[in-house]
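Everything on this sheet refers to the single structure shown next.
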Amino acid sequence: MELITRMMDGSISYDPEGRLEPVTSGPGAKQEDKIERLKEVPIFEGCSQKQLRSVAKIARVFDVAAGTVLAGAGEAGDEFFLIIDGTARAEVSADKRVPLRPGEFFGEMSILDGGPRSATVVADTPVRLLVISRRHFANLLKDVPGLTQILLATLSKRVRQAEERAERLGSASAGL
Ligand code: CMP
């Protein structure tokens, strides 16, 4: 079950005091605050005010506690996540953990190919997340200049790392 669904049905806890309202709600002044916050995220640096407004409409911001499982390997995934604050880890395999820091994103693979989550992602510290659902993802790509290119570069890097790791494991098991 996806993160937001689990939060809403109470199956995982989060700090209601620390939680930000979904950016789609609230009076105009609040919306402006949220847009200001988006401006601090590196991938939104090139966005115009109009583009940021569009992102604010489709994005939700959540604070989650350390230890929260944000994505589960093998599960279906309908959300794209961007870390605003805090760190998480992608548990790519039993012996491989990749740190994910502010400004980095995860969850793009399932959104792009519709397949199950390729790794489990867990919050290492309290994490503030920007969450975009699958149905809004195409709008995000349209609104944020350069995001498609950043996504492709990040995917290439992740595939390359996975292949290198598979090669190392293959060599180790062959006794080389
Ligand atoms: P997805 O498969 O949707 O859900 C798990 C996420 O973990 C995946 O998308 C990526 O965002 C992330 N992930 C998978 N492999 C790696 C890796 N090698 N390095 C960093 N992040 C990864």
Side-chain angles (χ1 to χ4, degrees), residues 1-9 11-12 14 22-23 38 40-47 55 58-173:
M1 202 190 288
E2 285 294 85
L3 178 73
I4 292 180
T5 316
R6 286 183 287 146
M7 283 175 164
M8 296 307 180
D9 75 2
S11 59
I12 62 168
Y14 63 99
V23 292
L38 290 180
E40 290 162 20
V41 180
I43 65 167
F44 301 131
E45 265 169 10
C47 287
V55 174
I58 58 172
R60 303 212 275 175
V61 182
F62 287 97
D63 286 340
V64 298
T68 302
V69 176
L70 303 166
E75 292 176 6
D78 286 321
E79 290 160 349
F80 172 80
F81 302 89
L82 177 78
I83 298 179
I84 297 177
D85 217 349
T87 57
R89 63 177 185 274
E91 299 180 343
V92 177
S93 66
D95 63 345
K96 172 84 175 166
R97 303 208 172 341
V98 180
L100 297 165
R101 302 191 175 88
E104 295 187 297
F105 54 78
F106 61 92
E108 76 290 351
M109 293 186 183
S110 293
I111 291 284
L112 288 169
D113 70 3
R117 295 293 193 201
S118 59
T120 293
V121 181
V122 183
D124 274 332
T125 65
V127 174
R128 177 164 293 176
L129 290 164
L130 194 80
V131 186
I132 311 270
S133 65
R134 175 189 297 283
R135 69 196 170 97
H136 290 129
F137 189 66
N139 286 343
L140 182 74
L141 294 182
K142 185 167 62 63
D143 289 332
V144 182
L147 181 56
T148 303
Q149 212 166 336
I150 294 170
L151 265 175
L152 288 173
T154 304
L155 268 172
S156 301
K157 195 177 95 185
R158 289 176 179 170
V159 168
R160 210 185 284 277
Q161 285 172 346
E163 282 183 350
E164 282 166 5
R165 203 185 143 270
E167 217 164 279
R168 276 199 305 277
L169 285 177
S171 301
S173 65

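We're numbering straight along the sequence, starting at 1. Every number for a ligand or one of its atoms is a count from 1 in the order of the listing. Bear in mind the structure is a predicted one, so any value in this text is a computation, not a measurement.
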What pairs meet the side-chain hydrogen bond (donor to acceptor under 3.5 Å, both in side chains) rule with one or both residues in residues 142-157, with sequence neighbours excluded?
-> none
What closest approach, in Å, do Ala88 and Val121 show between heavy atoms, and which atom pair accounts for it?
-> CB-CG1, 4.1 Å
Could you pull out every protein residue that has a heavy atom closer than 4.0 Å to ligand 1, ordered by chain and then number?
-> Ala90, Val92, Val98, Phe106, Gly107, Glu108, Met109, Ser110, Arg117, Ser118, Ala119, Val121, Arg158, Gln161
Only one of Asn139, Ile111, Leu140, Leu141 passes side-chain contact (heavy atoms from CB on, under 4.5 Å) with Ile132, and that residue is Leu140
Once the angle between the rings of Phe81 and Phe106 is folded into 0 to 90°, is it parallel (under 30°), tilted (30 to 60°) or perpendicular (over 60°)?
-> parallel
For the side chain of Arg128 and the backbone of Pro102, is there at least one donor-acceptor N/O pair under 3.5 Å apart?
-> no
Just by distance, do the side chain of Ser110 and the backbone of Arg117 share a donor-acceptor pair under 3.5 Å?
-> yes
